[in-house]
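Below: the structure, in structure tokens.
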Amino acid sequence: MSQTRATPQRPTAWWKEVVVYQVYPRSFNDSNGDGIGDLNGITAKLGYLQQLGIDVVWLSPHFDSPNADNGYDIRNYRQVLAEFGTMADFDRMLEDMRARGIELIIDLVVNHTSDEHVWFADSRRSRDNPRRDYYIWRDGKPDGAPPNNYPSFFGGSAWQLDPTTGQYYLHYFDVKQPDLNWENPQVHAEVFDLMRFWLDKGVAGFRMDVIPFISKQPGLPDLAPDQLAHPEFVYSNGPQVHQYLQRMHHEILDPYNAMSVGEAFGVTLEQAPLFTDAQRGELSMVFQFDVVRLDRDNWRKTDWTLPALKAALARIDQAAGLHGWATSYLCNHDNPRAVSHFGDDSPAWRERSAKALATLVLTQRATPFLYQGDELGMTNYPFQGVKDYDDVEVRGQWRQLVETGRVPAAEYLEHVRQTSRDNARTPMQWSADPHGGFTTGQPWLAVNPNYVEINAAAQLEDPDSVFHHHRRLIALRHQTPALVHGAYVDIDPKHEQIFAYTRTLADERYLVVLNFGTRPLEYALPGGLSIERAVLDNGSGDAVTAGATLLTLAPWQATIYKLD
Ligand code: NOJ
Ligand code: CA
């Protein structure tokens with residue numbers, strides 16, 4: 001039977017030892033000059049990914065979609081988005097990946113569908129349609145107001161009145177993304193079926209979009225005033241979520257030995273182990289938001305400190321504990337660029353700080369997730385006006401906050417320039433050719449003008465590039481079990497500029513030291529630690545002598561040492 005076809009080659013918990021690379025297909029590589037990245041474009045770049053050394057590609061949604069939210073609104077789960085290619089293109093891409101030893105995980109978006117999905121088209125037809133209960137329908141209040149005060153993440157109410165039947169449907173995201181009703185067992189059957197469809201093709205698992213949101217609050221009571229600014233903490237806390245995921249685990253994920261990573265928006269560090277403790281049988285791991293949202297209040301940019309970053313990482317490690325597993329990432333398609341966010345993207349320090357951040361991401365006790373362009377140190381886009389943005393989130397907030405006069409335009413733009421998701425969505429910078437070599441046509445979203453300096457072709461030629469630093473780090477991680485599984489101890493949690501931690505497995509011990517700033521520093525190692533040798537650094541460190549206990553750290557130095 002095909003059910004176990006993909007399993008034998010993959011050992012248990014294989015996903016702990018991999019490095020994942022996220023591809024956002026719309027912006028990765030355009031093969032036919034229509035300005036939109038596509039599957040053949042990805043296939044053409046598999047040699048590049050193989051050279052980088054990654055093990056797994058996470059592909060953001062590639063399904064048929066009207067693109068209200070760039071594919072996170074799926075119209076048909078068994079069809080490839082026409083702009084991205086055909087199912088034959090998908091099969092060829094997957095075959096080529098697997099021939100190169102690269103596994104593929106795809107995006108499972110099943111908290112909601114597109115309003116153009118046939119399930120919703122049926123559901124909205126009449127109150128007694130057999131698919132009515134695939135979605136969440138409620139009567140309005142006696143005065144006609146929405147059933148409760150839930151806000152949508154993209155602005156306005158999370159309820160939309162549908163004139164055909166006079167009831168409201170729930171949508172946590174865009175009005176074109178109605179939430180599925182997981183209280184209906186038919187919805188489980190449909191989702192499990194589509195998961196099997198892709199697993200039987202040889203896909204190795206799923207990234208699960210806002211998966212904690214699938215269980216809704218009983219009775220859907222109003223949010224309290226203090227819950228309104230961050231509804232995710234309520235939306236993620238429905239009583240059935242663990243039951244649903246355990247069922248998915250037993251019926252689908254476990255039989256296929258599939259990798260699963262849940263987007264744990266609204267899940268606190270205390271709750272994370274409930275999803276990832278292997279003894280409970282739910283998900284392989286989750287994405288916590290504690291690091292990427294360290295300096296965020298919704299669209300607002302706030303400040304972050306190094307001790308706060310270190311504390312978040314230590315807590316993520318503790319939450320994974322003995323029986324769970326964590327993820328390590330600084331960027332994805334919903335966040336600003338890592339080097340602009342946590343490094344220093346000025347010309348003087350961009351490369352060195354991007355390498356330092358790579359060192360951090362790739363030496364955690366967690367599966368590292370790189371986002372396309374991280375390996376080049378790609379930066380945020382120089383956005384000017386609201387017209388430069390494509391994102392449904394920015395457009396929704398602009399209408400709700402700026403056009404209503406609640407937030408001055410200049411203030412909103414100043415923040416969103418640093419926090420917008422579009423920073424990560426500008427096309428990959430492949431070369432110094434027009435539009436960064438991403439397309440021969442007009443790109444769907446402007447390429448960052450710094451592609452002339454920052455591009456893959458130039459970096460492949462330069463052994464000291466950010467790309468080759470990533471390649472070396474990935475290779476080192478692959479050959480060093482202590483960097484994957486070793487215990488993680490932050491040896492100086494309060495230091496405001498130095499981040500130093502050990503990774504220990506049996507008698508193998510490594511020390512990672514990162515200088516998070518442009519000030520050179522002398523750093524005396526805490527008692528008991530002495531260096532055997534430097535294993536890998538980002539090209540900035542002085543040679544160390546064996547037995548050294550005092551380090552002279554250059555700006556943004558990042559070094560992995562082997563300890564005695
Ligand atoms: C999280 C996805 O990463 C994001 O891009 C999307 O807008 C929402 N979920 C809704 O699907
Ligand atoms: Ca194309």
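Residues take their numbers from the sequence shown, with the count starting at 1. When a ligand or atom number is given, it counts from 1 through the structure's own listing order.
Closest to atom 5 (O) of ligand 1 by heavy atom, among Ile74, Asp334, Ile211, Val109, is Asp334.
The distance from ligand 1 to the heavy atoms of Arg425 drops below 4.0 Å at these ligand atoms: 5 (O). Atoms of ligand 1 found under 4.0 Å from any heavy atom of His112, numbered from 1 in the order shown, are 10 (C), 11 (O). Remark: ligand 1 atoms within the under-4.0 Å shell around heavy atoms of Arg421 are 4 (C), 5 (O), 6 (C), 7 (O). Listed by number with element, the atoms of ligand 1 under 4.0 Å from a non-hydrogen atom of Glu263 are 1 (C), 3 (O), 9 (N).
Using a cutoff of 4.0 Å between basic side-chain nitrogens and carboxylate oxygens, Asp193 and Arg78 are scored as salt-bridged. A salt bridge is defined here as a Lys NZ or Arg NE, NH1 or NH2 lying under 4.0 Å from an Asp or Glu carboxylate O, and Lys216 with Glu183 fails to meet this definition. In summary, Asp89 and Arg92 engage in a salt bridge, as defined by a charged side-chain N under 4.0 Å from a carboxylate O. Electrostatic pairing of Asp91 and Lys201 counts as a salt bridge here, judged by a charged N lying under 4.0 Å from a carboxylate O.
For the side chain to side chain donor-acceptor pair (under 3.5 Å) with Gln429, the lone residue among Asn455, Asn450, Asn448, Thr379 that qualifies is Asn450. Of the listed residues (Arg26, Lys176, Arg395, Arg421), just one forms a salt bridge (Lys or Arg N to Asp or Glu O under 4.0 Å) with Asp69, and that residue is Arg421.
At least one N/O/S atom of Asn32, from backbone or side chain, sits under 3.0 Å from the Ca ion (ligand 2). Note on Ile36: counted as a metal contact of the Ca ion (ligand 2), an N/O/S atom lying under 3.0 Å.
Counting heavy atoms from C-beta outward, Leu330 and His341 have side chains that stay 4.5 Å or more apart.
The aromatic rings of His333 and Tyr24 lie parallel to each other, their planes meeting at an angle below 30°, with 60° marking the opposite boundary. Ring-plane geometry between Trp198 and Phe90 is classed as perpendicular, the angle between the planes exceeding 60 degrees on a 0 to 90 degree scale with a lower cut at 30.
Contact analysis puts Phe154 in contact with ligand 1, with a non-hydrogen atom separation below 4.0 angstrom.
Residue contacts with ligand 1 for Glu393 are absent, since no atom lies close enough (heavy atoms, distance under 4.0 Å). Residue contacts with ligand 1 for Tyr24 are absent, since no atom lies close enough (heavy atoms, distance under 4.0 Å). At a heavy-atom distance under 4.0 Å, only side-chain atoms of Arg207, from C-beta outward, approach ligand 1.
Asp34 contributes atom OD1 as its closest N/O/S atom to the Ca ion (ligand 2). Residue Asp38 approaches the Ca ion (ligand 2) most closely through its N/O/S atom OD2. Of all the N, O or S atoms in Asp30, the one closest to the Ca ion (ligand 2) is OD1.
For Trp299 and Tyr412, the distance between ring centers is under 6.0 angstrom.
The nearest protein atom to atom 7 (O) of ligand 1, hydrogens excluded, is given as Asp69 OD2, 2.5 Å; this is a heavy-atom distance. If you check which protein heavy atom lies closest to atom 9 (N) of ligand 1, you get Asp209 OD1, 2.9 Å. Of the protein's non-hydrogen atoms, the one nearest atom 8 (C) of ligand 1 is Phe173 CE2, 3.7 Å.
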Show, in sequence, the C-alpha distance, side-chain angles and deciding distance for Met195 and Leu108, and conclude whether the side-chain contact (heavy atoms from CB on, under 4.5 Å) test is met.
CA-CA 8 Å; Met195 291 173 81; Leu108 185 74; 3.8 Å; yes
